[in-house]
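What follows is a single structure, written as structure tokens, with notes after it.
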Amino acid sequence: MLKKTWLAALASAIAVLGTAIWVGYVKADFKLSQITALFLAVNLFFTVVAEEAFFRGLLQDRLTAALARFRYGPLTALVCGALLFGAAHAPGGAVYVMLATIAGLGYGYAYYATQRVEAPIIVHIVVNAVHFIGFTYPFLR
């Protein structure tokens with residue numbers, strides 16, 4: 001599981017943050033502060049676990065089961081989950097929705113490839129950690 005998960009984490013971080021840089025949403029800003037570990041722990045336990053339990057562990061899983069008789073059912077479930085994940089981030093604006101959708105594709109792929117909710121949780125926290133430590137956070141103003 002970890003082999004597929006780390007590949008998905010790397011690809012997701014590159015896709016999300018590369019796109020964010022490309023559209024001018026963030027820029028490089030490396031930082032390790034006293035709050036980094038606390039921020040990441042809170043982010044993991046209060047945001048990432050809850051989002052992945054819902055969007056992958058419940059939503060993508062149920063959609064996959066409902067669409068199992070169709071040839072591309074599991075992939076359709078993955079894309080639908082990613083689109084809904086993006087839509088859930090609509091208060092952040094259109095660019096944030098796009099970036100969250102890209103991230104959701106990576107998280108959904110990790111779940112699809114492993115069938116374990118721990119995989120998208122790992123991918124999600126890796127993307128958030130790379131963003132927080134390596135780039136402007138939350139975004140350029």
Side-chain angles (χ1 to χ4, degrees), residues 1-68 70-141:
M1 177 197 77
L2 287 177
K3 186 175 182 179
K4 292 176 184 176
T5 302
W6 289 111
L7 183 58
L10 178 63
S12 297
I14 291 169
V16 172
L17 295 164
T19 302
I21 291 168
W22 181 60
V23 299
Y25 201 68
V26 299
K27 68 178 182 175
D29 181 32
F30 182 81
K31 62 205 159 295
L32 277 176
S33 70
Q34 293 178 336
I35 67 159
T36 299
L38 177 62
F39 172 85
L40 294 175
V42 168
N43 188 256
L44 173 64
F45 293 113
F46 291 102
T47 303
V48 172
V49 170
E51 287 183 349
E52 295 312 318
F54 178 74
F55 285 100
R56 264 44 81 180
L58 178 69
L59 187 68
Q60 185 174 333
D61 187 64
R62 298 277 170 89
L63 284 171
T64 298
L67 299 172
F70 298 104
R71 183 175 183 185
Y72 296 107
L75 293 177
T76 302
L78 187 162
V79 171
C80 287
L83 290 169
L84 290 169
F85 183 75
H89 291 79
V95 173
Y96 198 51
V97 168
M98 176 188 65
L99 295 170
T101 301
I102 293 168
L105 289 169
Y107 309 155
Y109 174 77
Y111 185 74
Y112 170 81
T114 65
Q115 293 301 298
R116 295 185 56 171
V117 75
E118 299 91 343
I121 288 170
I122 292 168
V123 175
H124 195 152
I125 195 61
V126 166
V127 170
N128 288 4
V130 171
H131 179 196
F132 185 78
I133 294 168
F135 298 89
T136 49
Y137 191 89
F139 53 90
L140 288 174
R141 295 178 194 259

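Bear in mind the structure is a predicted one, so any value in this text is a computation, not a measurement.
- Remark: side-chain polar atoms of Q60 are paired, donor with acceptor, to backbone N or O of G108 under 3.5 angstrom.
- T47 contributes no side-chain N or O that, together with a main-chain N or O of L44, makes up a donor-acceptor pair within less than 3.5 Å.
- When every heavy atom of G24 is checked against every heavy atom of L140, the shortest pair comes out as O-CD1, 3.4 Å.
- Nearest heavy atom pair, residue A77 against residue T64, reads CB-OG1, 3.3 Å.
- Looking at heavy atoms from C-beta onward, H131 lies in side-chain contact with V26 at the 4.5 angstrom threshold.
- G104 approaches A82 most closely through the heavy-atom pair C-CB, 3.5 Å.
- With a 6.0 Å cutoff to the six-membered ring centre and a 45° limit on the axis angle, K27 does not count as a cation-pi contact of F139.
- Shown here for A13 and V127, the closest heavy-atom pair between the two residues is N-CG2, 3.7 Å.
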Open item on the list: Determine whether Y111 and V123 satisfy the following criterion, side-chain contact (heavy atoms from CB on, under 4.5 Å), listing intermediate values before the conclusion.
Closed with: CA-CA 10 Å; Y111 185 74; V123 175; over 6 Å; no

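- Annotation: side chain of I133 is in contact with side chain of F30 (closest heavy-atom distance under 4.5 Å).
- Atom CG of L67 and atom SG of C80 lie 7.0 Å apart (nearest 0.5 Å).
- Side-chain contact between V126 and W6 is present, with heavy atoms from C-beta onward closer than 4.5 Å.
- Using a 4.5 Å cut-off on side-chain heavy atoms (C-beta onward), H124 and N128 make contact.
- In terms of heavy atoms, A110 sits closest to A8 at CB-CB, 4.1 Å.
- The ring-ring contact (aromatic ring centres under 6.0 Å, His included) test with Y107 singles out one residue from F54, F85, F55, Y112, and that residue is F85.
- The two residues I121 and V48 make their nearest non-hydrogen contact at O-CG1, 3.5 Å.
- If you take CG on D29 and OG1 on T136, they are separated by 6.5 Å, rounding to the nearest 0.5 Å.
- Atoms NE2 and CG, on H89 and L84 in that order, are 12.0 Å from each other to the nearest 0.5 Å.
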TODO: Determine, stepwise, if the pair R116 / R56 fulfils side-chain contact (heavy atoms from CB on, under 4.5 Å).
DONE: CA-CA 9 Å; R116 295 185 56 171; R56 264 44 81 180; over 6 Å; no

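- In this structure, CG on L17 lies 8.5 Å from CG on L99, to the nearest 0.5 angstrom.
- For the pair Y137/F39, a side-chain contact is recorded, criterion being any heavy-atom separation below 4.5 Å from C-beta on.
- Annotation: side chain of L2 is in contact with side chain of I122 (closest heavy-atom distance under 4.5 Å).
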Open item on the list: One pair to check against side-chain contact (heavy atoms from CB on, under 4.5 Å): I21 and F135. What are the steps and the verdict?
Closed with: CA-CA 9 Å; I21 291 168; F135 298 89; 3.2 Å; yes

TODO: Apply side-chain contact (heavy atoms from CB on, under 4.5 Å) to the pair F132 and N43, showing each step before the final yes or no.
DONE: CA-CA 11 Å; F132 185 78; N43 188 256; over 6 Å; no

